[in-house]
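In this chain, numbering begins with 1 at the start of the sequence shown.
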Amino acid sequence: MDILAELNPAQREAVEYADGPLLILAGPGSGKTRVIAHRIAYLVQDQAVPPHRILAVTFTNKAARELRARVASLLGEAAGSLMLGTFHSVCARFLRIDGGASGIDRAFAIFDGADQIALMKQIVEELNVDPRKFAPRAILSAISRAKSELASPAAFSASVHDYFGEITARAYERYQASLEINNALDFDDIIMRTVALFRENDAILQKYQDRFLHVLIDEFQDTNIAQSVLVRQLAGGHGNICVVGDPDQSIYSWRSADIRNILDFERDYPNVKTVMLEQNYRSTQTILDSAYAVISANERRKEKKLWTDQGSGEPLVVFEAYNDIEEADFVATEVLELRKQGRNSAEIAVMYRTNAQSRALEEAFMREQIQYRLVGGTRFYERREVKDVIAYMRLIHNPHDAVAFGRVVNVPSRGIGQKTQEELRRWSEGLSLPMYAALQVLADDREPQPHRLATRSVTALLSFLELMNGLIEESRTKTAEELMALVLKRIGYREYLLTEFEEDGEERWENVQQLLSLAAEYEGLTPEAALPQLLEDIALVSPGDEYEEEVDAVTLITLHAAKGLEFSVAFIVGLEEGVLPHIRSFDDPAQMEEERRLCYVGITRAKERLYLLRAFRRRFMGSSQHNPASRFLKDVPQELIAKRKTTAEADFRYQGPSLARMRRDTRKETPSEAMFDPGDHVRHERFGEGIVVNCVVTSTDQEVTVAFKGGSGVKKLLLSYAPLAKV
């Protein structure tokens, strides 16, 4: 087939540039995945580059699957030998093959976020640190940032200047030692240790430089320092590096993404070819113009302006609600109207800055019986029953995995309580052995020092050891599916779920069955290869990988999670100063620019219709706040907006049952006498001037009836939410 057919001129230019560094600045909806796929096909078909000599790296498994499918549609079976995956999956493969040169056991486990938290809680306790002052999650975040900058525990320790840094340095050292004892790596280690492997072993680096003649990196604006160094290492021999990204969509600095990697790429590679993809195939021109109006105020960006040949489309709708409850009710009302007009729920998304903003939306949707899905809720692989089964499989593969050991040693209950586990841990540390190895010592009755375990506890522990030894032996000959089924049978897990969780035991068992179906997909591999591959694939699943597009429900999602998705109709709620942009960005110009990029990402998710909403009052961060309209909302040109709507003009009447609870949450001391008399002239910040008709003192508030001028009509207002001033 003609690889270049149906590509626009800029896309074709990017595909055909064969040798040397290439920077593709791809705006949202400009067909970047198409360009990467066609570029790979062009290199293979027209430049005779063998597929196995091309490395393509993405950020999510979902993106990798989509890219592989597109390449396969162009190249057929030849696409199978292409190395394509996420940074973590590719580097994990390198380490399992060559990590031994740096002392990495190829059977290493990969600790996910929950595993890391469990380990850090234990370390914080060992350091006698108050977790309320030094949260394990905050310490892990600091360690993660250090690793993303390739800082070892020693290097990090030398750079600290405050007490939190000192605590983190001590925790970092212990954390790394614990990972080594557990024969485990965390996500940051996978990149950091690969960089170290290449730095310390020229022959291994040379092997991969010789193999990969072309290196392609997607979403380059999301890379951190360690990933940027890794890319430079891999492309160091030939310089055939192609990076694709958009500085305007760099929104993950809190994950250590460094926008300088893409902004400085032309400086780092002076002979680079730069191609701009500015034609948009997703959104109307009105939506694109509003996005440009917001993003153009940023200084740290590469100038580009998206355009489309799909027409201007409908104007934006801006709605200004009184509070977040009314804001949510307006969204629900509009969704019902959109569905009457023939829109499917799956075409609609509601986006917000923080997860907490979903509460009012969920209540409004439940009240109106609108089906929705909350992206960012409990993910499949984070469900208790799924993690239990995975932990058994991890322990079979790597008996030194103390986190997996701690999770399943008493699940289902076998009389090994927390006190016994703590005593076993202390005893095993005294022996300088992992807990599983300490059990082997206990079984052989050759411990070099006495333990303090009760006889009954010893019996239970040795029974667990016998169970695991048997499963480890079975793992040598059974497929991943057969082994998992055997685990479930031997531990009586279905009976445990039905007994322990009476209300949803069957649902939990269905989740386990789904996991069993996943294991069946590894049937073609040998038992030696299947289990580690299954565990690695599960460990490297990212939140976006579980998003299912074909679900007939409105999507509720944070702006960060929405990146990479698109919807026919999009609502962005909470466009207020302090919410979007977030209050934490006010004193940091770099963070304010990222907030602006986040708004830009949200706007460009919409294909046909876009709603921008704000509330005059909002329960946020534990208090009721009155914030002015977001500066981003003010940036949108008036000519792009349909007539602005306020509560008084909207085609709905708020009847939410949550008002009583909200009133309790924000209750203030209520005067015993009415603050206004009938006939008083008052002013409201939005409805303007009016005359008091009545004022009634209730047990928790004052209800004032006001006849407003100018068409706003008669309204009943609660003073705790609608302050009135006498004129």
**K121 atom NZ, over 12 foreign heavy atoms within 6.0 Å** = no

**Asked** Below 4.5 Å, heavy atoms only, C-beta onward: do T58 and E219 meet side chain to side chain?
**Response** no

**N/O donor-acceptor pair under 3.5 Å between D264 side chain and N261 backbone** = no

**Asked** Is there a side-chain contact between T284 and I287 (heavy atoms, below 4.5 Å)?
**Response** yes

**Item:** Aromatic ring pairing F708/H684, orientation class (parallel under 30°, perpendicular over 60°, tilted between)
**Value:** perpendicular

**Any donor-acceptor N or O pair under 3.5 Å, side chains Q591, E593** = no

**Message:** Between D222 and K563 (salt bridge meaning N to carboxylate O under 4.0 Å), is one present in this structure?
**Reply:** yes

**Message:** Using only atom types and a distance under 3.5 Å, with no angle test, would you say the side chain of N344 pairs donor to acceptor with the backbone of A346?
**Reply:** no

**Fill in**
Heavy-atom nearest pair, S296 first then R301, reads CA-NH1, 4.3 Å

**Message:** To the nearest 0.5 Å, what is the distance between OG on S345 and OH on Y372?
**Reply:** 13.0 Å

**Message:** Would you say CD of Q369 has more than 12 non-hydrogen atoms from neighbouring residues, nucleotides or ligands within 6.0 angstrom?
**Reply:** no

**Prompt:** Do E266 and T274 have a side chain donor and acceptor closer than 3.5 Å?
**Reply:** yes

**Message:** salt bridge (Lys or Arg N to Asp or Glu O under 4.0 Å) for K305 and E278? Distances and angles first, verdict last.
**Reply:** CA-CA 6 Å; K305 189 169 184 180; E278 297 176 290; over 6 Å; no

**Asked** Do Y611 and R609 meet the criterion of a side-chain donor-acceptor pair at a distance under 3.5 Å?
**Response** yes

**Message:** Atom CD of residue position E337 - does it have more than 12 heavy atoms of other residues, nucleotides or ligands inside 6.0 Å?
**Reply:** yes

**Asked** Would the number of heavy atoms belonging to other residues, nucleotides or ligands and lying under 6.0 Å from CD of E639 be above 12?
**Response** yes

**Prompt:** What pairs of residues pass the salt bridge (charged side-chain N to carboxylate O under 4.0 Å, His left out) test when at least one of them lies in residues 285-294, not counting sequence neighbours?
**Reply:** none

**Request:** Compute the centroid of each ring, for F571 and then for Y352, and state whether the two points are separated by less than 6.0 Å.
**Result:** no

**Message:** Between T555 and V350, does the side-chain contact (heavy atoms from CB on, under 4.5 Å) criterion hold? Intermediate values first, please.
**Reply:** CA-CA 6 Å; T555 298; V350 187; over 6 Å; no

**Message:** Salt bridge or not between R383 and E507? Use side-chain N to carboxylate O under 4.0 Å.
**Reply:** no

**Atom of Y252, atom of E594 and distance for their closest heavy-atom approach** = N-OE2, 3.5 Å

**Request:** Give, for atom CG of L612 and atom SG of C599, the distance between the pair rounded to the nearest 0.5 Å.
**Result:** 7.0 Å

**Lys/Arg-Asp/Glu bridge criterion (N-O < 4.0 Å) met for R596, D248** = no

**Request:** Answer yes if the side chains of N280 and T308 hold a donor-acceptor pair under 3.5 Å, and no otherwise.
**Result:** no

**Prompt:** Is any side-chain N of the basic residue among R353 and E576 closer than 4.0 Å to the acidic one's carboxylate O?
**Reply:** no

**Item:** Any donor-acceptor pair under 3.5 Å from D588 side chain to A590 backbone
**Value:** yes

**Asked** Is any side-chain heavy atom of V275 closer than 4.5 Å to a side-chain heavy atom of L23?
**Response** no

**Message:** Could you check whether any side-chain heavy atom of D246 comes within less than 4.5 Å of a side-chain heavy atom of L25, counting everything from C-beta outward?
**Reply:** no

**Prompt:** Heavy atoms, side chains only, cut-off 4.5 Å: are V636 and I641 in contact?
**Reply:** yes

**Asked** What's the verdict on salt bridge (Lys or Arg N to Asp or Glu O under 4.0 Å) for E363 and R359, showing C-alpha distance, side-chain angles and the deciding distance?
**Response** CA-CA 6 Å; E363 289 185 356; R359 181 194 60 80; 3.2 Å; yes

**Message:** Given the ring of F567, does R605 sit roughly above its face, with NZ or CZ under 6.0 Å from the centre of the six-membered ring and within 45° of the axis?
**Reply:** no

**Request:** Please report the shortest heavy-atom distance between S256 and N224, naming the atom on each side.
**Result:** O-CB, 3.1 Å

**Message:** Restricting to ring pair (Phe, Tyr, Trp, His ring centres under 6.0 Å), what partner residues turn up for F676, sequence neighbours left out?
**Reply:** none

**Request:** Might you confirm whether atom CG of D587 has over 12 heavy atoms from other residues, nucleotides or ligands at distances under 6.0 Å?
**Result:** no

**Request:** Please indicate whether R260 has more than 12 foreign heavy atoms, meaning atoms of other residues, nucleotides or ligands, lying under 6.0 Å from its CZ.
**Result:** no

**Fill in**
Closest non-hydrogen atoms of T558 and T354, given as atom of the first, atom of the second and distance, are CG2-C, 4.4 Å

**Message:** Please enumerate all residues that pass ring pair (Phe, Tyr, Trp, His ring centres under 6.0 Å) together with F220, with sequence neighbours excluded.
**Reply:** F265

**Request:** Evaluate the side-chain proximity of T33 to E66: yes if any heavy-atom separation is below 4.5 Å, no if none is.
**Result:** yes

**Prompt:** Checking S148 side chain against R145 main chain: does a donor-acceptor pair fall under 3.5 Å?
**Reply:** yes

**Prompt:** Given V682, which of I691, V706, V704 fulfils the side-chain contact (heavy atoms from CB on, under 4.5 Å) condition?
**Reply:** V706

**Asked** So, E368 side chain and T333 main chain: donor-acceptor pair closer than 3.5 Å or not?
**Response** no

**Item:** Side-chain heavy atoms of F365 within contact of V335, under 4.5 Å
**Value:** yes

**Item:** Residue list, side chain to side chain donor-acceptor pair (under 3.5 Å) with R384, at least two apart or on another chain
**Value:** Y496

**Request:** Please report the C-alpha distance between F134 and T168 in whole Å, then the side-chain angles of each, then the deciding distance to 0.1 Å, and finally whether the side-chain contact (heavy atoms from CB on, under 4.5 Å) criterion is met.
**Result:** CA-CA 9 Å; F134 301 96; T168 301; over 6 Å; no

**Prompt:** In terms of side-chain geometry, is the basic nitrogen of D324 or R617 positioned less than 4.0 Å from the acidic oxygen of its partner?
**Reply:** no

**Item:** Ring-face cation contact, Y600 with R597, 6.0 Å cut, 45° max
**Value:** no

**Salt-bridge criterion met for R614 and E327 (N-O under 4.0 Å)** = no

**Message:** side-chain hydrogen bond (donor to acceptor under 3.5 Å, both in side chains) for Q279 and S30? Distances and angles first, verdict last.
**Reply:** CA-CA 6 Å; Q279 183 174 358; S30 62; over 6 Å; no

**Prompt:** Are E347 and K607 ion-paired here, with the side-chain N under 4.0 Å from a carboxylate O?
**Reply:** no

**Message:** Using the salt bridge (Lys or Arg N to Asp or Glu O under 4.0 Å) criterion, which residues pair with R34? Sequence neighbours excluded.
**Reply:** E6

**Message:** Does R367 form a salt bridge (Lys or Arg N to Asp or Glu O under 4.0 Å) with D329? I'd like the steps, not just the answer.
**Reply:** CA-CA 9 Å; R367 189 163 59 245; D329 209 54; 2.9 Å; yes

**Asked** Would you say I36 and D218 make side-chain contact, with heavy atoms under 4.5 Å?
**Response** yes

**Asked** Do E577 and R631 sit within salt-bridge range, that is, some charged N less than 4.0 Å from a carboxylate O?
**Response** yes

**Asked** On the ring face of F687, is K715 found with NZ or CZ under 6.0 Å from the centre and within 45° of the axis?
**Response** yes

**Fill in**
Closest non-hydrogen contact found for L306 with G27 is CD2-CA, 3.9 Å

**Prompt:** Partners of Y292 by ring pair (Phe, Tyr, Trp, His ring centres under 6.0 Å), sequence neighbours excluded?
**Reply:** none

**Asked** Can you name the closest pair of heavy atoms from P581 and E595 and give their distance?
**Response** CA-OE1, 3.5 Å

